[in-house]
Amino acid sequence: MKRAIYLVLIIPFLGFSQSYKIEYKVKLNHSERNGVLTLNENETPFYYEVSNKGETKRKKSEQDGSYQYTITLKSKNNNKRYQIYYKQKDTLLNIDYINNEKVLCYENFPNMKWEIQNDTKTISNYICAKAETTFRGRKYIAWFTTEIPIRFGPWKFNDLPGLILQVYEETQSFTWNVTKIEFIKNSEKLEIDESLKRISLKDFVKEDEKNKKERGSQLLLKYLERGAKLSGHKHNRGREIKFEWEEEKKKQ
């Protein structure tokens, strides 16, 4: 019986020949993006997100006689941020930005370990199963359908036996919801600019966080009331809050 189930799951993957374009509505804390996953049997799969433009916002609250400012940095550009899935080479390429500089960031392909649950629900007329995983410090819940046997999903999510139609972090701070699934004949082709600066994920995180902290400090000084003093500030990480090199350092 187990062997029969195995064959049913594997054959669709070997016979996959359809090209897809899957669109998602993305929420990252207080920011919104549009995501697109593109798959073609003759091309390398890739995903990108486009930021919705917005104004930087601030929120002021009083605690113990002092004021606390929360600043949400909004995107001023409609830049595309890519994930390119070279799984056979155990590499994930990210096209992203440090300040306004476009860079090519590389990392080992993140093989996610999912626990598939018994729960099911219907999304966009597809029967979906539930799965859970912990990735770089956050717990994510995904709903996937084996009716579309694709092992990729939005952003860096992968390794489920079907397309991910919905995925969210347990606090709902980060969410991806499918809005459109297209079967296409000619998929968008991705051309990588070889002149882009290449940088490891570790160095990217270091430079990106330094830039955001500097930008945050400048904005705090801009918004502070006359005579107020800045006692300190911190930058909150996004979808990934614990990285492999940080975990290894703790073990040493």
Side-chain angles (χ1 to χ4, degrees), residues 24 26-33 35 37 45-52 54 56 70-87 89-113 133-140 152-159 167-171 173-176 190 192-220 232-252:
Y24 296 88
V26 185
K27 187 189 80 169
L28 308 177
N29 275 326
H30 303 288
S31 300
E32 292 184 353
R33 293 181 181 179
L37 174 64
F46 64 90
Y47 170 79
Y48 66 81
E49 290 178 356
V50 182
S51 301
N52 294 337
T56 295
T70 301
I71 295 178
T72 303
L73 301 178
K74 294 286 188 175
S75 175
K76 296 180 180 180
N77 303 302
N78 293 119
N79 294 326
K80 289 184 179 180
R81 292 171 167 82
Y82 286 85
Q83 276 73 49
I84 307 162
Y85 310 118
Y86 290 104
K87 190 169 185 180
K89 298 181 180 179
D90 194 31
T91 301
L92 178 70
L93 295 182
N94 306 277
I95 297 177
D96 212 320
Y97 295 81
I98 299 176
N99 201 357
N100 290 318
E101 181 185 7
K102 193 175 183 179
V103 299
L104 184 61
C105 170
Y106 58 88
E107 61 179 292
N108 290 334
F109 199 95
N111 294 307
M112 297 185 172
K113 297 180 180 179
T133 191
T134 299
F135 178 63
R136 291 180 177 161
R138 291 192 184 277
K139 181 179 178 181
Y140 289 98
F152 296 102
W155 189 49
K156 300 181 182 182
F157 299 109
N158 71 95
D159 264 356
V167 58
Y168 49 87
E169 190 260 348
E170 61 180 341
T171 66
S173 296
F174 306 92
T175 64
W176 293 258
L190 175 65
I192 300 175
D193 184 353
E194 296 299 331
S195 67
L196 289 178
K197 175 182 177 181
R198 290 177 176 263
I199 187 171
S200 68
L201 176 64
K202 183 177 181 180
D203 289 337
F204 174 84
V205 171
K206 181 179 179 181
E207 290 190 31
D208 184 55
E209 291 192 345
K210 178 182 177 183
N211 174 70
K212 287 178 178 177
K213 285 178 181 178
E214 290 175 350
R215 185 181 169 194
S217 295
Q218 293 171 357
L219 287 169
L220 275 172
H233 75 282
K234 67 177 182 178
H235 163 70
N236 292 326
R237 285 180 167 175
R239 292 172 276 193
E240 300 161 294
I241 56 177
K242 294 179 183 178
F243 293 93
E244 293 80 0
W245 59 87
E246 295 170 331
E247 295 296 327
E248 291 174 1
K249 189 174 181 180
K250 287 181 181 180
K251 294 177 182 179
Q252 293 177 355

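A heavy-atom distance below 4.5 Å is found between the side chains of E49 and L28. Counting heavy atoms from C-beta on, the side chains of N111 and K87 come closer than 4.5 Å. When side chains are defined from C-beta on, K206 does not count as touching I199, because their heavy atoms never get closer than 4.5 Å. The side-chain heavy atoms of R237 and K242, taken from C-beta on, include no pair separated by under 4.5 Å. No side-chain heavy atom of F204 sits under 4.5 Å from any side-chain heavy atom of L104.
For the salt bridge (Lys or Arg N to Asp or Glu O under 4.0 Å) test, no residue two or more places apart in sequence or in another chain qualifies with K27.
Using the six-membered ring where Trp is involved, Y82 and F46 have ring planes that are tilted, between 30° and 60° apart.
Counting all heavy atoms, side chain and backbone alike, P154 lies closest to V167 at CG-CG1, 3.9 Å. Residue E246 comes nearest to I241 through the heavy atom pair OE1-O, 4.1 Å, listed as atom of the first residue, atom of the second, then distance. Y140 and R239 get closest at one heavy-atom pair: OH-O, 2.9 Å.
Here E244 pairs with R136 in a salt bridge; the nearest charged N to carboxylate O distance falls below 4.0 Å.
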Can I get a per-line list of side-chain donor-acceptor pairs under 3.5 Å for residues 92-99, giving both atom names and the distance, sequence neighbours left out?
residue : atom : partner : partner atom : Å
N94     : OD1  : Q83     : NE2          : 3.1
N94     : ND2  : C105    : O            : 3.4
N94     : ND2  : E107    : OE2          : 3.0
D96     : OD1  : R81     : NE           : 3.0

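A distance below 6.0 Å separates the ring centres of F152 and Y85. Aromatic ring centroids of F174 and W155 lie 6.0 Å or more apart.
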Verdict with reasoning, W245 to L201, per side-chain contact (heavy atoms from CB on, under 4.5 Å): CA-CA 10 Å; W245 59 87; L201 176 64; 3.9 Å; yes
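Taking OH of Y48 as the reference point, atom CG of N79 lies at 13.0 Å (rounded to 0.5 Å). We find the NZ-CG distance between K213 and D208 to be 11.0 Å, quoted to the nearest 0.5 Å. Rounding to the nearest 0.5 Å places CZ of R33 at 9.5 Å from CH2 of W176.
Of the possible polar contacts, one joining the N158 side chain to the P110 backbone as a donor-acceptor pair under 3.5 Å is found. No donor-acceptor distance shorter than 3.5 angstrom exists from the side chain of T134 to the backbone of K139, with no hydrogens or angles considered.
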